[in-house]
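Structure first, commentary second.
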Amino acid sequence: MDESVVVIGMDPHKRSATIEVMAGDEQVLGRGRFGTDAAGYKAMMRYAKQWPARTWAVEGCQGIGGHIARRLVMAGETVVDVPPKLSARARVFATGQGRKTDATDAHSIALVGVRMAGLRPVANNDQLAILRMLVDRRRAIGEDHTRMTSQLHQLLLDLIPGGAKKDLSAAQAKVLLAGVRPRDEVGKTRRRIAAELISDLERLYQRKKAANKELLALLKATGTTLTQLNGIGPSAAARLLVEVGDITRFPDRNHFASWNGTAPIDASSGDNTRQRLSRAGNRQINRALHIMAIVQLRNPSEGRTYFDRRKAAGKTSMEAMRSLKRRLSDVVYRTMLHDAIAAGASPGGQRGNDSDSSATGPTPHTGTSEKPQPGPATPSLRPALPAAS
């Protein structure tokens with residue numbers, strides 16, 4: 001961070017934002033708490049104008065901090081995203097304990113903004129913003145479908161001996177329900193609610209179809225080739241695009257795997273060398289990679305071949321699955337990097353831009369892909385600057 005630029009660390013909430021202004025030598029220049037309504041936002045901007053050269057470091061721009069980060073970007077401000085885990089670590093080192101207050105949170109966020117180079121800048125990308133809303137909506141429709149289908153199966157089990165088959169469509173459920181004529185009041189109520197659920201599911205199918213069509217059109221406009229990968233559908237491709245953002249921010253494929261939680265953690269002790277599952281990372285991307293692996297295992301594919309080969313080598317099913325997901329993470333990274341370069345983005349000397357991995361298949365030939373989480377990338381947290389004399 002340029003020492004002539006002050007960093008305004010922000011701990012955002014729904015109705016308030018606590019800020020701390022920090023110079024490049026980590027001297028605190030000011031702090032305050034402001035509302036996020038129109039009046040509070042205006043007061044905060046008036047206060048911040050004391051420092052013309054400023055950068056806002058906002059925690060959780062993909063979550064609760066998104067609403068105010070977007071307002072700042074639209075106003076022409078420079079904003080970087082501070083991951084909550086990173087600010088939490090800085091808070092422990094700065095205070096000696098992990099107690100949380102809005103003021104200490106803003107201080108730790110400002111420290112990260114001053115010390116850390118390479119934080120992800122928040123951009124006003126309308127295409128990705130629309131894509132995020134559409135994929136969130138599509139996921140909500142899917143969750144509603146699962147919930148309604150489960151309720152319908154429960155009702156049909158009481159109305160029809162043995163219930164209905166697992167993969168049941170609304171049309172099939174309507175045919176089954178047409179042959180049910182309960183005589184008691186309880187049975188009649190069950191049938192009425194089941195009929196209402198079937199009607200709701202039919203309307204949900206139409207919304208799902210429209211959402212898929214809109215999502216596919218927007219994905220086509222992005223020029224992504226993710227949907228050409230075996231096991232990546234429109235929803236998974238959209239989720240990858242909105243969560244990853246700029247793929248070139250990852251120094252290599254190993255850091256990408258660490259970020260999405262597919263890189264195993266070294267758990268060796270003494271002569272016992274082993275690795276364990278990482279439960280960290282972006283769980284939404286991890287879920288997309290898991291679905292990709294499941295799809296490939298259901299059909300003859302390179303992923304299925306690789307899985308069987310790992311099993312034959314003595315791995316358990318869970319270990320072979322983790323290895324497969326780690327390899328698929330490399331495929332996704334390579335594909336997104338190629339898309340970014342094709343779109344005109346510079347790879348920036350990415351260390352992951354090696355030639356021993358292929359995006360044409362689901363199992364790139366990367367001999368070190370099962371390594372544990374990588375070490376820190378360069379640049380990393382730099383030491384605190386000496387105080388100005």
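Computation of the quantities below employed the complete heavy-atom set of this structure, encompassing side-chain atoms and omitting hydrogens, waters and symmetry-equivalent molecules.
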Can you give each donor-acceptor pair under 3.5 Å made by side-chain atoms of residues 206-213, sequence neighbours left out, with the distance rounded to 0.1 Å?
from: Asn212; atom 1: OD1; to: Arg138; atom 2: NE; distance (Å): 2.7
from: Asn212; atom 1: ND2; to: Lys208; atom 2: O; distance (Å): 3.4

Does this structure show an ion pair linking Arg132 with Glu243, if we count only N-O contacts that are shorter than 4.0 Å?
yes
Arg139 with Asp136: basic N within carboxylate O range, under 4.0 Å
no
Give, for atom CD of Gln296 and atom CZ of Arg304, the distance between the pair rounded to the nearest 0.5 Å.
11.0 Å
Heavy atoms only: give me the nearest Leu156-Ala164 pair and the separation to one decimal.
CD1-CB, 3.9 Å
Nearest 0.5 angstrom please: Thr36 OG1 to Ile64 CD1, how far?
8.5 Å
Does Arg203 form a salt bridge (Lys or Arg N to Asp or Glu O under 4.0 Å) with Asp200? I'd like the steps, not just the answer.
CA-CA 5 Å; Arg203 288 191 292 269; Asp200 292 341; 2.3 Å; yes
Minimum heavy-atom separation for Leu297 to Gly303, with atom names?
CD2-O, 4.2 Å
To the nearest 0.5 Å, what is the distance between CD1 (Ile8) and OG1 (Thr55)?
8.5 Å
If you measure from the Lys or Arg side-chain nitrogens to the Asp or Glu carboxylate oxygens, is any gap between Arg91 and Asp105 under 4.0 Å?
yes
To the nearest 0.5 angstrom, please state how far the CG atom of Leu324 sits from the OG atom of Ser317.
12.0 Å
Please tell me whether Leu197 and Leu157 are part of a single hydrophobic cluster in this structure, the criterion being side-chain heavy atoms less than 4.5 Å apart.
no
For residues 6-42, which residue pairs qualify under ring pair (Phe, Tyr, Trp, His ring centres under 6.0 Å), counting only residues two or more places apart or in two chains?
Phe34-Tyr47
In a check of side-chain contact (heavy atoms from CB on, under 4.5 Å) between Phe250 and each of Ile247, Asp252, Asn254, which one passes?
Ile247
What one should report as the nearest heavy-atom pair of Leu159 and Ala194 is CD1-CB, 4.4 Å
With a 4.0 Å cut-off, would you call Glu196 and Arg192 a salt bridge?
yes
Among the clusters formed by ILVMFWY side chains lying less than 4.5 Å apart, do Leu240 and Leu218 turn up in the same one?
yes
Do the side-chain N and O atoms of Arg326 and Asn260 include a donor-acceptor pair separated by under 3.5 angstrom?
no
Using a cut-off of 6.0 Å, state whether more than 12 heavy atoms not belonging to Gln154 lie near its atom CD.
no
Write down the atom of Ala69, the atom of Cys61, and the distance for their closest heavy-atom approach.
CB-SG, 3.7 Å
Looking at every heavy atom in both Pro12 and Val58, which two are closest together, and how far apart are they?
CG-CG1, 4.1 Å
Under 4.0 Å between a Lys/Arg side-chain N and an Asp/Glu carboxylate O for Glu319 and Lys311?
no
Within the 3.5 Å criterion, strictly below it, is a donor on Arg33 or Ser16 matched to an acceptor on the partner's side chain?
yes
In Å, rounded to the nearest 0.5 Å, how long is the span from CG of Asp37 to CZ of Arg15?
10.5 Å
Mind checking whether Leu177 and Ile160 sit in one hydrophobic cluster, side chains of I, L, V, M, F, W, Y counted as touching below 4.5 Å?
yes
Looking only at non-hydrogen atoms, find the nearest pair between Ser87 and Ile109 and report the distance.
CB-CG1, 3.8 Å
Count the heavy atoms of every other residue, nucleotide or ligand shown that sit under 6.0 Å from CZ of Arg71, and state whether that count exceeds 12.
yes
Report yes or no: does Asp339 contribute a side-chain atom to a donor-acceptor pair with the main-chain N or O of Thr225 at less than 3.5 Å?
yes
Rounded to the nearest 0.5 Å, what separates atom CG in Asn282 from atom CH2 in Trp259?
4.0 Å
Arg147 atom CZ, over 12 foreign heavy atoms within 6.0 Å:
yes
Please tell me whether Leu215 and Leu128 are part of a single hydrophobic cluster in this structure, the criterion being side-chain heavy atoms less than 4.5 Å apart.
yes
Could you walk me through whether Thr149 and Leu168 pass the side-chain contact (heavy atoms from CB on, under 4.5 Å) check?
CA-CA 8 Å; Thr149 303; Leu168 184 69; 5.6 Å; no
Under 3.5 Å side-chain donor-acceptor pair for Thr248 and Asp246:
yes
